[in-house]
Number of protein chains: 2
Amino acid sequence: MAEQAETLRRTPLNRDRILRAAVTLADGAGIESLSMRNLAQELGVVPMALYKHVANKDELLDGMIDVVVGEIEPLTPGVGWQPAIRRRVLSARQVLRRHPWASLAIESRSTATPAVLGYLDSMIGALRAGGLSADLTHHVMHAMGSRILGFSQELFDASRQAGRTGPTVPTPPAPLPPEVAARFPHVAEIATAAAHDTGTVVGAGCDDQFEFEFALDLLLDGIERLRAQGWTSTH
Amino acid sequence: MAEQAETLRRTPLNRDRILRAAVTLADGAGIESLSMRNLAQELGVVPMALYKHVANKDELLDGMIDVVVGEIEPLTPGVGWQPAIRRRVLSARQVLRRHPWASLAIESRSTATPAVLGYLDSMIGALRAGGLSADLTHHVMHAMGSRILGFSQELFDASRQAGRTGPTVPTPPAPLPPEVAARFPHVAEIATAAAHDTGTVVGAGCDDQFEFEFALDLLLDGIERLRAQGWTSTH
DNA sequence: ACCTGAACACCGTTCAAGT
DNA sequence: ACCTGAACACCGTTCAAGT
């Protein structure tokens with residue numbers, strides 16, 4: 001990283017270079033290490049130089065989110081709405097797993113950037129083209145929520161832990177301590193009964209591919225059923 | 001608030017009083033106003049005095065989350081698993097709407113506190129008592145995700161905005177600007193086609209009761225269908 | 001006109017001095 | 001032993017001084 005800053009020191013600073021460096025820094029050292037001062041140091045530049053290209057830290061985060069959203073694969077043409085949405089959401093999930101800080105950053109923002117709006121626009125277009133009414137599509141977009149961008153809000157998500165370096169260092173499974181298991185027997189039963197490869201219900205590695213696809217298909221199948229029934233909201 | 005600090009100044013400091021004051025401060029002034037220094041001032045106490053009762057700010061936040069979770073109504077006995085879960089999740093939603101900072105705080109934590117574990121334990125118990133296998137229950141808990149605690153992760157949630165004072169000051173509807181509508185026609189169609197009482201798909205007030213219940217019932221109905229089919233995971 | 005060091009108004013937390 | 005002021009190591013951002 002030091003030699004990276006070295007080689008880049010004399011190439012002129014611009015918004016794109018700042019955003020890419022910020023994403024790399026957040027990926028590697030965690031979002032809590034991303035300060036204007038740290039980022040400037042990484043770029044071999046005085047902190048105030050950043051403010052020529054981004055108005056403030058919020059705008060920096062918006063730009064970082066747009067970089068991430070730009071990595072999501074475009075929609076596959078020529079397939080039904082359900083596989084089209086399914087593939088793209090799973091692509092978004094792969095991207096979000098490469099940038100573990102991004103989901104929390106997106107949630108904290110609450111204002112849509114142009115890149116995010118463009119992403120949503122194409123998703124809505126795919127649903128409409130698949131025969132869903134505007135009314136149903138509206139509710140479906142709500143019901144899918146953050147899953148549209150490839151992340152479900154699990155109650156306890158190991159990738160959210162501070163200082164995590166992402167999928168290159170998989171979090172070790174956290175076994176349920178005996179005193180916890182005794183106090184919360186139902187949690188314990190569930191944790192052991194269906195424990196898959198690397199985790200437990202309260203431990204790490206549980207937001208894995210299977211759980212995500214289970215929830216995704218539960219939603220997509222329910223939506224397809226509503227579409228086939230010609231469902232409309234009554235209010 | 002000043003006179004509140006006045007009357008409480010001489011009553012001895014304890015963990016409970018700190019947590020309640022912290023929740024009130026976060027409710028009223030927003031989570032970004034909750035600093036150890038501000039909280040101490042609100043309690044008429046020197047900042048360092050807090051550290052006698054909470055180890056650090058993270059533990060303070062854990063305690064605040066437990067206060068909030070403690071406000072959720074217990075399970076209704078004597079009804080089927082579906083209405084039981086439904087009622088409690090909707091109760092949790094009411095609670096979370098009183099404390100808009102809580103959902104983001106819960107998401108950022110990632111380690112379960114005893115109160116949260118107790119809540120999850122009783123929910124799992126209700127599902128198991130309703131005839132769901134341990135295997136299905138495990139996946140269901142994942143699929144429900146944060147919705148179990150009464151909040152869905154909407155892509156854009158107005159209540160997440162900094163400085164919001166909660167449901168007492170409802171956020172005004174944000175109409176879609178014409179240039180945005182022109183650039184993202186599908187978003188515009190959805191926003192206008194199914195716009196309900198106070199909002200648009202990218203504006204405020206969209207995470208309303210209807211959308212939440214729509215998604216909740218989509219999941220609960222899908223789950224009931226799996227249960228009736230005797231669904232088991234194949235992996 | 002551009003760049004940048006110092007400064008401002010904050011943080012959470014440590015630590016040593018005072019009682 | 002307890003309490004607490006000052007201090008430390010940070011923040012994001014403003015602003016004025018230097019080129």
Side-chain angles (χ1 to χ4, degrees), chain A residues 1 5 8-19 21-26 28-65 101 104-105 108-111 113 160-163, chain B residues 1 5 8-19 21-26 28-65 101 104-105 108-111 113 160-163:
Chain A
M1 246 169 227
L8 295 174
R9 185 157 299 160
R10 263 163 226 88
T11 73
L13 205 59
N14 60 46
R15 192 182 149 89
D16 220 66
R17 213 153 75 73
I18 291 173
L19 295 183
V23 168
T24 303
L25 182 58
I31 191 72
E32 79 285 348
S33 299
L34 181 79
S35 68
M36 299 300 273
R37 286 160 140 105
N38 277 350
L39 178 58
Q41 194 179 357
E42 204 74 25
L43 286 160
V45 136
V46 86
M48 286 307 99
L50 301 176
Y51 286 84
K52 286 275 118 78
H53 303 94
V54 289
N56 48 42
K57 197 179 180 182
D58 278 0
E59 204 197 83
L60 174 74
L61 284 165
D62 280 348
M64 292 168 68
I65 289 168
W101 49 270
L104 204 59
S108 329
R109 292 286 82 211
S110 90
T111 47
T113 63
R160 287 291 169 71
Q161 275 174 320
Chain B
M1 243 167 234
L8 295 173
R9 186 156 298 160
R10 262 163 227 88
T11 74
L13 206 60
N14 60 45
R15 193 182 148 88
D16 220 65
R17 214 154 74 72
I18 290 173
L19 294 184
V23 168
T24 303
L25 182 59
I31 191 70
E32 78 286 349
S33 298
L34 181 79
S35 68
M36 300 300 274
R37 287 161 139 104
N38 277 351
L39 179 57
Q41 194 179 356
E42 204 73 25
L43 287 161
V45 136
V46 86
M48 285 308 99
L50 301 175
Y51 286 83
K52 286 276 118 77
H53 303 94
V54 290
N56 50 41
K57 195 178 179 181
D58 277 0
E59 206 198 80
L60 175 74
L61 284 165
D62 280 347
M64 292 169 66
I65 289 168
W101 49 271
L104 204 58
S108 328
R109 292 286 83 209
S110 90
T111 48
T113 62
R160 287 290 170 71
Q161 274 174 321

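Lettering follows sequence order; numbering is per chain, from 1.
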Legend entry - Listed partners of A/Asp58 passing side chain to side chain donor-acceptor pair (under 3.5 Å), at least two apart: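 A/Asp58 satisfies side chain to side chain donor-acceptor pair (under 3.5 Å) with A/Arg109 only.
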Legend entry - Verdict with reasoning, A/Leu43 to A/Leu50, per side-chain contact (heavy atoms from CB on, under 4.5 Å): CA-CA 10 Å; A/Leu43 286 160; A/Leu50 301 176; 3.9 Å; yes
Let me know the distance between [atom1] of [X] and [atom2] of [N], rounded to the nearest Å.
X	N	atom1	atom2	answer
B/Glu59	C/dG12	CD	P	15 Å
A/Leu60	D/dG12	CG	P	10 Å
B/Met36	C/dC10	CE	C1'	16 Å
A/Glu32	D/dG12	CD	P	13 Å
B/Lys57	C/dG12	NZ	C1'	8 Å
A/Ile31	D/dG12	CD1	P	11 Å
B/Ile18	C/dG12	CD1	P	14 Å
A/Leu39	D/dC10	CG	C1'	16 Å

Legend entry - Minimal non-hydrogen separation, B/Ser35 against B/Asn38, with atom names: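 Looking at all heavy atoms of both residues, the closest pair is OG-N, 3.0 Å.
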Legend entry - Closest non-hydrogen atom pair between A/Trp101 and A/Ile31, with its separation: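 The answer is CB-CB, 3.6 Å.
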Legend entry - Atom pair OG1 (B/Thr113) and CG (B/Leu61), whose distance is rounded to the nearest 0.5 Å: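 Answer for the OG1-CG pair, B/Thr113 versus B/Leu61, is 11.5 Å.
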Legend entry - DNA chain D base-pair string [pairs: Watson-Crick or G-U under 3.5 Å; |: paired with another strand]: ||.|||||...|||||.||
Restricting both atoms to N or O, compile the protein contacts to nucleotides 17-19 of chain D shorter than 3.5 Å, with distance only.
none

Legend entry - N/O donor-acceptor pair under 3.5 Å between B/His53 side chain and B/Leu13 backbone: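 Judged by distance alone, yes, a pair lies under 3.5 Å.
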Legend entry - Full working for side-chain contact (heavy atoms from CB on, under 4.5 Å) between B/Val54 and B/Asp62: CA-CA 10 Å; B/Val54 290; B/Asp62 280 347; over 6 Å; no
Inset, instruction - Summarise protein proximity over nucleotides 3-9 of chain D in one line of letters, 5' to 3': B for base, S for sugar-phosphate only, - for none, counting protein heavy atoms closer than 4.0 Å. - result: SBB-B--
Legend entry - Minimum side-chain heavy-atom gap A/Met36-A/Pro47 below 4.5 Å: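 When only atoms from C-beta onward are counted, A/Pro47 and A/Met36 do not touch, as no gap falls below 4.5 Å.
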Inset, instruction - Go through the structure and list residues passing salt bridge (charged side-chain N to carboxylate O under 4.0 Å, His left out) with B/Arg15, not counting sequence neighbours. - result: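 So B/Arg15 forms a salt bridge (charged side-chain N to carboxylate O under 4.0 Å, His left out) with B/Glu59.
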Inset, instruction - Name the nucleic acid region contacted by A/Asn38, choosing base, sugar-phosphate or nothing; use a 4.0 angstrom heavy-atom cut-off, strictly under. - result: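 Sugar-phosphate, backbone atoms only, no base.
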Legend entry - A/Ala22: side chain to side chain contact (heavy atoms under 4.5 Å, CB included) partners, not counting sequence neighbours: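 So A/Ala22 forms a side chain to side chain contact (heavy atoms under 4.5 Å, CB included) with A/Leu34, A/Leu39, A/Leu60, A/Met64.
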